[in-house]
Engineer: 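After the structure tokens below, expect a handful of questions from me.
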Amino acid sequence: MKRILVTGGAGFVGSHLCERLLNEGNEVICLDNYFTGSKCNIEHLMDHHYFELVRHDIINPYMIEVDEIYNLACPASPVHYQYNPIKTIKTSVMGAINMLGLAKRVNAKILQASTSEVYGDPTVHPQEESYWGNVNPIGLRSCYDEGKRCAETLFMDYNIQNQVKIKIIRIFNTYGPRMHPNDGRVVSNFIVQALRGDDITIFGEGTQTRSFQYVDDLVEGTIRMMNSRDEFLGPVNIGNPNEFTMLELAQEILDLTNSKSKLTFKPLPKDDPMQRQPDISLAKKELNGWEPKIQLKEGLRYTIDYFDNLLKEGF
């Protein structure tokens, strides 16, 4: 049995990771300040003998003896990370320093949940890990993009200078149950609008692309990365390489929900990437053949059922 700390463990992705780690027989300490996470996401775990919930903000140091740390804490949707951009970048940078300091003190292995946003609005397509990105350092999204880029730098420097055992993953667009209905991400936006019969909001012409990964595939890739050979530090892309336009996504959701919602078009937000697609060749090579198993239609069905139940409960 390993003792594992998950920062941001009450969030969308973190709650699924905590659940999986518990099911594998580990002791899990879930750390969250509830800025975007929620106790509702992990309430079904509260009675588990090997689960512990701690309210804490990783901007401040935290002391505990653990074997592994999954550092997921950070607002991850534009609505949330732009709400308090200073808080966002402090979470990425100061949080990384504090968690790396903890890993150094207790000799724990630590994984950083980085993001495809480090590639910015890419000029290389699909994006492989060797691409350095095309990021605006002073734009509306830079609190998140540059915070995550700086965190990657800190992880590499702690490894080089202090021999901290690190792993870095770059997460591409992920969706699934426990997403917040108002988080501003395209999948949750479209599903909630379709279920309510509201107009579906398309930004720009809807020709921009994303690659959508179901949360269970992300959790599998994340755990495989933590358990990969010591010499492989990353970064490694964890995402689904199947690419869809916003118009294709909207139509798929309309079909699955039998919604009569209409499409409306608004100006494209500043610095919004036009293309996003991971090259997962490195993940396949290093993570025992990992690749996404749940494709878009199947994953959307699970997610639509979740939001349908949530709306029926009067969210």
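In this text the structure is predicted, and so the values were computed from the model without any measurement.
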Engineer: May I ask you to check whether over 12 heavy atoms, not counting those of Tyr50, lie within 6.0 Å of atom OH?
Structural biologist: no
Engineer: How about Phe35 and Asn84: do any of their side-chain heavy atoms sit closer than 4.5 Å?
Structural biologist: yes
Engineer: Between Gln112 and Ser114, is the side chain to side chain donor-acceptor pair (under 3.5 Å) condition met? List the steps.
Structural biologist: CA-CA 6 Å; Gln112 168 66 5; Ser114 190; 5.2 Å; no
Engineer: Using modelled atom types and a 3.5 Å cut-off, is there a donor and acceptor pairing between side-chain atoms of Asp32 and backbone atoms of Ala10?
Structural biologist: yes
Engineer: Are the side chains of Thr303 and Val215 in touch, meaning some heavy atoms are under 4.5 Å apart?
Structural biologist: no
Engineer: Flag the pair Arg301 and Glu298 as a salt bridge only when some basic side-chain nitrogen lies within less than 4.0 angstrom of an acidic carboxylate oxygen.
Structural biologist: no
Engineer: Treat each ILVMFWY residue as a node, draw an edge where side-chain heavy atoms are under 4.5 Å apart, and state whether Phe51 and Val13 are in one component.
Structural biologist: yes
Engineer: Mind telling me whether Tyr62 and His56 have parallel, tilted or perpendicular rings, with 30° and 60° as the class edges?
Structural biologist: tilted
Engineer: Is the shortest distance from a Lys or Arg side-chain nitrogen in Glu286 or Arg229 to a carboxylate oxygen in the other one below 4.0 Å?
Structural biologist: yes
Engineer: Using 4.0 Å as the upper bound for N to carboxylate O, is an ion pair formed by Arg141 and Glu117?
Structural biologist: yes
Engineer: Decide side chain to side chain donor-acceptor pair (under 3.5 Å) for Thr123 and Tyr131; before the verdict, give the C-alpha distance in whole Å, the side-chain angles of both, and the deciding distance to 0.1 Å.
Structural biologist: CA-CA 9 Å; Thr123 57; Tyr131 177 54; 2.9 Å; yes
Engineer: Are Leu5 and Leu111 co-members of a hydrophobic cluster defined by side-chain heavy atoms under 4.5 Å apart?
Structural biologist: no
Engineer: Crowded around Glu24 CD? As in, over 12 foreign heavy atoms under 6.0 Å?
Structural biologist: yes
Engineer: Is there a side-chain contact between Tyr306 and Met179, using heavy atoms and a 4.5 Å cut-off?
Structural biologist: no
Engineer: Verify the cluster assignment for Ile4 and Ile169: are they in a single hydrophobic cluster under the rule of side-chain heavy atoms below 4.5 Å apart?
Structural biologist: yes
Engineer: Quick one: closest heavy-atom pair of Cys30 and Gly9, and the distance?
Structural biologist: SG-C, 3.3 Å
Engineer: Should Ile280 and Ile238 count as side-chain neighbours, where that means a heavy-atom distance under 4.5 Å?
Structural biologist: no
Engineer: Do Leu21 and Tyr70 touch side chain to side chain, with heavy atoms closer than 4.5 Å?
Structural biologist: yes
Engineer: Can we say Glu152 and Arg170 salt-bridge, meaning some charged N sits less than 4.0 Å from an Asp/Glu carboxylate O?
Structural biologist: yes
Engineer: Indicate yes or no: does Lys167 engage Glu68 in a salt bridge with an N to O separation below 4.0 Å.
Structural biologist: no
Engineer: Answer whether the closest heavy-atom distance between the side chains of Leu282 and Asn237 falls below 4.5 Å.
Structural biologist: no
Engineer: State plainly whether one hydrophobic cluster holds both Leu22 and Met46, where clusters connect Ile, Leu, Val, Met, Phe, Trp and Tyr through side-chain heavy atoms under 4.5 angstrom apart.
Structural biologist: yes
Engineer: Can any side-chain N or O of Thr257 pair as donor or acceptor with the backbone N or O of Ala194 at less than 3.5 Å?
Structural biologist: no
Engineer: If we check side chain to side chain contact (heavy atoms under 4.5 Å, CB included) with Asn242, which of these qualifies: Gln213, Gln277, Gln295?
Structural biologist: Gln295
Engineer: Quick one: do Arg178 and Glu19 make a salt bridge, cutoff under 4.0 Å?
Structural biologist: yes
Engineer: Does the side chain of Ile202 come within less than 4.5 Å of Phe190's, by heavy atoms?
Structural biologist: yes
Engineer: Can we say Arg20 and Glu220 salt-bridge, meaning some charged N sits less than 4.0 Å from an Asp/Glu carboxylate O?
Structural biologist: yes
Engineer: Only one of Ile97, Ile110, Thr153 passes side chain to side chain contact (heavy atoms under 4.5 Å, CB included) with Tyr158; say which it is.
Structural biologist: Ile97
Engineer: One thing to verify: whether Lys312 and Asp308 come together as a salt bridge, which I'm taking to mean a side-chain N less than 4.0 angstrom from a carboxylate O.
Structural biologist: yes
Engineer: Can you spot which of Thr91, Asn71, Asn33 makes a side chain to side chain donor-acceptor pair (under 3.5 Å) with Thr7?
Structural biologist: Asn71
Engineer: Is it true that atom CD1 of Ile160 has more than 12 heavy atoms of other residues, nucleotides or ligands lying nearer than 6.0 Å?
Structural biologist: yes
Engineer: With a 4.5 Å cut-off on side-chain heavy-atom distances among I, L, V, M, F, W and Y, is there a chain of contacts connecting Ile168 to Tyr144?
Structural biologist: no
Engineer: Quick one, Met63 and Arg105 - any side-chain contact, counting heavy atoms below 4.5 Å?
Structural biologist: yes
Engineer: Hey, are Asp67 and Lys165 close enough for a salt bridge, meaning a charged N less than 4.0 Å from a carboxylate O?
Structural biologist: no
